[in-house]
Colleague: 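Please read through the structure below; I'll follow up with questions.
Residue numbers count from 1 along this sequence.
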Amino acid sequence: MTADRSRASQECLVFGPLENQIMEVLWQAPGPMTVREVLGALNTGRDTPLAYTTVMTVLSRLAEKGAANRTKAGRGYAYAPCVTDEAAMAVREVIRDFGVSAVGHFLDEIRNVPDLRERFEKLLHEGPGH
């Protein structure tokens, strides 16, 4: 888990508390997870276990939001994250809500803040994983 992810999970702005917990489980998983697998991961060490239907509903909503991908798995579904972290989801939502105007504002911010400009140039040349 990265330092950014730890900070994001403490101050989550895009996801609600349970959505964030579920996304953390999905982000840490090696592949798609069924509702029952997510439920098991969430209920480990929990005093009051969550209900299957609660987790199923939240996963369904995350899929509708575009945060998770849902694929048929037997009689149910398996879920995998569509975004790498909360920041990626926030960017998607801003672009969805404000379109190219938001991109223009992002570029203005990058131009006006030297540290951001340097990071942006590095990302353009090396990719986001560096």
Side-chain angles (χ1 to χ4, degrees):
M1 186 180 303
T2 66
D4 287 343
R5 172 108 14 103
S6 297
R7 184 178 46 84
S9 59
Q10 293 170 2
E11 303 170 11
C12 191
L13 303 174
V14 175
F15 301 118
L18 185 53
E19 287 177 328
N20 191 56
Q21 290 173 27
I22 289 173
M23 289 304 297
E24 289 289 341
V25 168
L26 294 177
W27 284 322
Q28 293 172 17
M33 297 180 74
T34 64
V35 175
R36 191 152 313 281
E37 291 169 333
V38 173
L39 177 68
L42 289 170
N43 280 341
T44 300
R46 202 178 194 88
D47 291 335
T48 306
L50 295 167
Y52 179 91
T53 52
T54 300
V55 174
M56 181 178 64
T57 299
V58 175
L59 280 164
S60 180
R61 289 186 182 154
L62 287 167
E64 290 168 8
K65 283 183 173 183
N69 183 35
R70 176 175 43 203
T71 56
K72 195 77 172 143
R75 293 176 36 196
Y77 294 97
Y79 296 83
C82 291
V83 294
T84 55
D85 56 25
E86 182 190 10
M89 189 65 196
V91 169
R92 274 190 180 187
E93 289 183 353
V94 167
I95 292 171
R96 181 197 64 219
D97 293 347
F98 300 100
V100 291
S101 177
V103 175
H105 289 294
F106 279 126
L107 290 174
D108 286 343
E109 286 296 314
I110 290 167
R111 276 190 215 105
N112 295 325
V113 180
D115 290 346
L116 279 178
R117 187 173 48 246
E118 288 174 22
R119 176 73 175 130
F120 183 72
E121 288 172 1
K122 185 177 179 183
L123 287 170
L124 283 175
H125 291 85
E126 298 176 7
H130 299 282

Colleague: Are Val58 and Val38 packed together at the side-chain level, in the sense that at least one heavy-atom pair is separated by less than 4.5 angstrom?
Modeller: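 Val58 does not reach Val38 side chain to side chain.
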Colleague: Side-chain heavy atoms under 4.5 angstrom apart, residues restricted to Ile, Leu, Val, Met, Phe, Trp, Tyr: same cluster for Leu62 and Val94?
Modeller: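 Looking at the clustering, Val94 is in a separate group from Leu62.
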Colleague: So which atom in Thr34 and which in Glu37 form the shortest heavy-atom distance, rounded to 0.1 Å?
Modeller: N-OE1, 2.8 Å
Colleague: Please give me the minimum heavy-atom distance between Ala88 and Val83, naming the atom from each residue.
Modeller: CB-CB, 3.9 Å
Colleague: Does the side chain of Glu19 reach to within under 4.5 Å of the side chain of Met89, using non-hydrogen atoms?
Modeller: no
Colleague: Should Phe98 and Val91 be counted in the same cluster of Ile, Leu, Val, Met, Phe, Trp and Tyr side chains packed under 4.5 Å apart?
Modeller: no
Colleague: Heavy-atom count around Tyr52 OH within 6.0 Å, excluding the residue itself: above 12?
Modeller: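 It does: Tyr52 OH has more than 12 such atoms within range.
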Colleague: Within this structure, what is the CD1-CZ distance for the pair Ile22 and Phe15, rounded to the nearest 0.5 Å?
Modeller: 10.5 Å
Colleague: Does any non-hydrogen side-chain atom of Tyr77 lie less than 4.5 Å from one of Val35?
Modeller: no
Colleague: Work out which heavy atom in Asn69 is nearest to a heavy atom in Thr71; give both atom names and the distance.
Modeller: ND2-CG2, 3.9 Å
Colleague: Taking the side chain as C-beta and beyond, is there a heavy-atom pair between Leu59 and Leu26 under 4.5 Å?
Modeller: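 Sidechains of Leu26 and Leu59: in contact.
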Colleague: List the atom of Trp27, the atom of Asp85, and the distance in Å for their closest heavy-atom pair.
Modeller: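 Smallest interatomic distance, heavy atoms only, reads CZ2-CA, 3.2 Å.
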Colleague: Identify the heavy atoms of Met23 and Ala67 that sit nearest to each other, and give their distance.
Modeller: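 Heavy-atom minimum between the residues: CE-O, 3.5 Å.
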Colleague: Which heavy atom of Gly66 sits nearest a heavy atom of Cys82, and at what distance?
Modeller: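 Closest approach of Gly66 to Cys82: O-CB, 3.4 Å.
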Colleague: Say you draw a straight line from CD of Glu93 to CZ of Arg96; how long is it, rounded to the nearest 0.5 Å?
Modeller: 5.0 Å
Colleague: By the definition side chain to side chain contact (heavy atoms under 4.5 Å, CB included), identify the one residue from Glu118, Arg119, His125 that meets it with Lys122.
Modeller: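 Of the listed options, the one satisfying the test is Arg119.
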Colleague: Out of curiosity, Ile110 CD1 to Leu123 CG, how far, rounded to the nearest 0.5 Å?
Modeller: 8.5 Å
Colleague: Using a 6.0 Å cut-off, check whether atom CZ of Arg70 has over 12 heavy atoms from anything other than its own residue.
Modeller: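 More than 12 within 6.0 Å, yes.
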Colleague: Between Ser60 and Met56, is there a donor-acceptor pair closer than 3.5 Å when you use the side chain of the first and the backbone of the second?
Modeller: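 Side chain of Ser60 to backbone of Met56, a donor-acceptor pair under 3.5 Å: no, none is there.
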Colleague: Do the non-hydrogen side-chain atoms of Phe120 and Leu107 ever get within less than 4.5 Å of each other?
Modeller: yes
Colleague: Could you check if a side-chain atom of Val55 sits within less than 4.5 angstrom of a side-chain atom of Asn43, using non-hydrogen atoms only?
Modeller: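 No, every pair of side-chain atoms sits at 4.5 Å or beyond.
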